[in-house]
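In what follows, chains are A, B, ... by sequence order, proteins preceding strands, each numbered from 1.
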Number of protein chains: 2
Amino acid sequence: MPPSQSCAGCGHAPVCQASGYDRPELSGLRHIAERIGPLRTGEYLYRPLSPFRAIYAVQTGMAKTVAVDVAGREQVVAFHLPGEMIGLDAIDREHHDNAVVALGKTQFCRFPFNAIRQVATQQPDVPWHLMNAASHRISHLQLSGGNYLAEERFAAFLVDLRDRRASLGLSTDHLPLPMSRADIGNHLRLTTETVSRLLGRFRQRGMIQLDRHGVNLLDLDGLRELGQSLLVH
Amino acid sequence: MPPSQSCAGCGHAPVCQASGYDRPELSGLRHIAERIGPLRTGEYLYRPLSPFRAIYAVQTGMAKTVAVDVAGREQVVAFHLPGEMIGLDAIDREHHDNAVVALGKTQFCRFPFNAIRQVATQQPDVPWHLMNAASHRISHLQLSGGNYLAEERFAAFLVDLRDRRASLGLSTDHLPLPMSRADIGNHLRLTTETVSRLLGRFRQRGMIQLDRHGVNLLDLDGLRELGQSLLVH
DNA sequence: CGTGATGTTGATTCTAATCAATAAAGGTGG
DNA sequence: CCACCTTTATTGATTAGAATCAACATCACG
């Protein structure tokens with residue numbers, strides 16, 4: 001099956017709209033998009049050493065980016081929601097140096113990089129749109145690299161996920177957590193045990209409610225206060 | 001004194017060349033550069049809430065970027081060597097959310113953002129050049145956010161600094177460290193005491209030599225091995 | 001249903017922070 | 001140039017936060 005071209009008829013226009021892709025100055029991007037997937041839990045969109053040929057966005061579902069260092073240690077570098085750009089860290093490289101893995105049934109949009117550069121010659125806002133995404137990602141990484149307590153980082157993680165879902169028009173009362181505790185912990189520099197304990201602590205305080213597929217945030221203000229130092233304003 | 005325009009006659013062309021700014025496709029950037037400074041230790045290039053109007057690069061000397069969170073805690077987000085872009089994290093914002101501070105007598109190049117966008121309409125490689133810088137920064141931040149031991153982070157910090165100096169054609173035998181131990185520690189999520197102890201440990205092992213203004217790396221291979229997981233390859 | 005993977009909870013250990021004291025450096029004014 | 005004083009750096013003793021080790025519970029899946 002050849003990848004379907006263009007965004008015409010895509011049922012997921014709303015999240016793209018929320019991410020700013022519906023601006024007429026970016027119309028060219030919509031015409032070069034290819035759909036990838038669905039991939040299922042644990043399947044790879046790309047791997048370390050895969051040649052860099054395209055940028056991606058999640059269309060539906062969720063994904064993680066994982067860096068693998070020389071010693072083989074894995075580092076979960078980001079979780080991706082629909083509409084969020086994937087692969088900006090490889091633009092200055094020949095090859096990807098990390099992997100992108102689906103978390104649950106996930107579809108992607110693929111933007112071939114050659115096509116992006118071609119489109120950019122006609123629509124000069126295109127590179128600046130990517131630049132804005134990169135700029136935002138830099139801000140986020142700078143903050144999250146900071147020296148904060150486990151509780152602060154974890155609260156910020158939950159609130160950040162909620163806020164990103166909110167800005168995409170996704171449900172905010174319930175946060176699905178399709179990744180493992182190990183993934184969350186790895187991402188936040190915590191062990192699975194510590195993640196479990198923090199979830200338990202927040203539950204005991206009545207700040208969250210846990211179910212099999214995720215959490216309900218019962219005290220968003222409380223969590224936001226705990227994580228405030230780590231949240232972009 | 002009005003800022004001097006253009007890079008013609010600038011005595012620091014070599015580092016810019018090493019950073020790729022001498023490519024003819026970027027010639028427009030050279031014509032809009034303004035020189036700022038010299039600033040002295042502790043003086044600000046900009047502060048949080050300063051309006052975002054330009055991107056900067058260090059010309060000579062060294063600088064740090066400091067984020068200040070809601071609670072007033074400071075976080076040293078980066079140290080900048082000559083030729084390195086400053087302010088990419090503010091491109092999608094109206095205002096800077098962090099400060100840039102000179103470390104020792106430091107001069108900057110200022111690239112007004114309006115002028116950059118103007119130049120970009122003539123030289124389409126300009127935004128992609130910034131994008132490459134942003135991409136590289138994302139890669140670096142993703143790695144350095146990882147969960148590594150104090151010793152690994154510190155060794156990687158020293159080697160990274162050396163390698164960046166090497167790629168700019170600066171001396172590599174001696175690393176000046178114009179920032180305080182507190183700055184280094186803050187940047188690496190360590191206390192000043194721990195930085196001191198690590199320096200002491202490396203010195204005892206004969207890996208470095210300490211003097212008043214910086215360090216000599218006596219066993220680069222050893223340091224590189226300690227920090228290998230954190231270094232981009 | 002098992003059964004292997006994932007998640008929770010408790011006991012103990014360890015890395016780096018904190019607390020504390022001293023030493024060295026840098027800047028200032030006489 | 002030196003004495004003084006403030007800031008910065010080093011080193012040691014103790015503490016704390018999260019990791020590790022360990023046992024058990026629960027879930028997903030064939």
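- With a 6.0 Å radius and a threshold of 12 heavy atoms from other residues, nucleotides or ligands, B:Arg205 has its CZ atom above the threshold.
- Within 6.0 Å of the CG atom in B:Leu210, the count of heavy atoms belonging to other residues, nucleotides or ligands exceeds 12.
- Around the NE2 atom of B:His136, the shell of radius 6.0 Å holds no more than 12 heavy atoms that belong to other residues, nucleotides or ligands.
- Between atom CG of residue A:Leu199 and atom CD1 of residue A:Ile208 there is a gap of 4.5 Å, rounded to the nearest 0.5 Å.
- Atom P of nucleotide C:dT15 and atom CG of B:Asn147 are separated by 13 Å, given to the nearest angstrom.
- For the pair A:Arg212 and A:Leu149, both in contact range of DNA chain D, the more 5′-proximal nearest nucleotide belongs to A:Leu149.
- At C:dT9, none of the side-chain N or O atoms of A:Ser196 fall inside 4.0 Å of OP1 or OP2 (strictly under the cut-off).
- Put simply, chain B comes within 4.0 Å of DNA chain D, heavy atom to any atom, from D:dA9 to D:dA13, going 5' to 3'.
- Protein atom CD of B:Glu151 is 13 Å distant from nucleotide atom C1' of C:dA16, rounded to whole Å.
- Residues from residues 197-208 of chain B with heavy atoms under 4.0 angstrom of DNA chain D, sorted by number: B:Arg197, B:Arg203.
- When B:His96, B:His80, B:His187 are each tested for a side chain to side chain donor-acceptor pair (under 3.5 Å) with B:Thr65, only one passes: B:His80.
- For the contact set between residues 173-193 of chain A and DNA chain D, defined by any heavy atom under 4.0 Å, the members are A:Arg189, A:Leu190, A:Thr191, A:Glu193.
- A donor-acceptor pair shorter than 3.5 Å can be found between the side chains of B:Ser229 and A:Arg73.
- Remark: aromatic rings of A:Phe202 and A:Phe154 are close, center separation under 6.0 Å.
- Under a cut-off of 6.0 angstrom, the local environment of CD in B:Glu225 is sparse, with at most 12 non-hydrogen atoms contributed by other residues, nucleotides or ligands.
- Summarising the geometry, atom OG belonging to B:Ser144 is positioned 7.5 Å from atom CG belonging to B:Leu230; distances are rounded to the nearest 0.5 Å.
- Note that CD1 of B:Ile55 and SG of B:Cys109 are 13.0 Å apart. Values are rounded to the nearest 0.5 Å.
- Comparing A:Ala150 and A:His213, the nucleotide of DNA chain D nearest to each residue sits closer to the 5' end for A:Ala150.
- Aromatic ring centres of B:Tyr46 and B:Phe52 lie farther apart than the 6.0 Å criterion allows.
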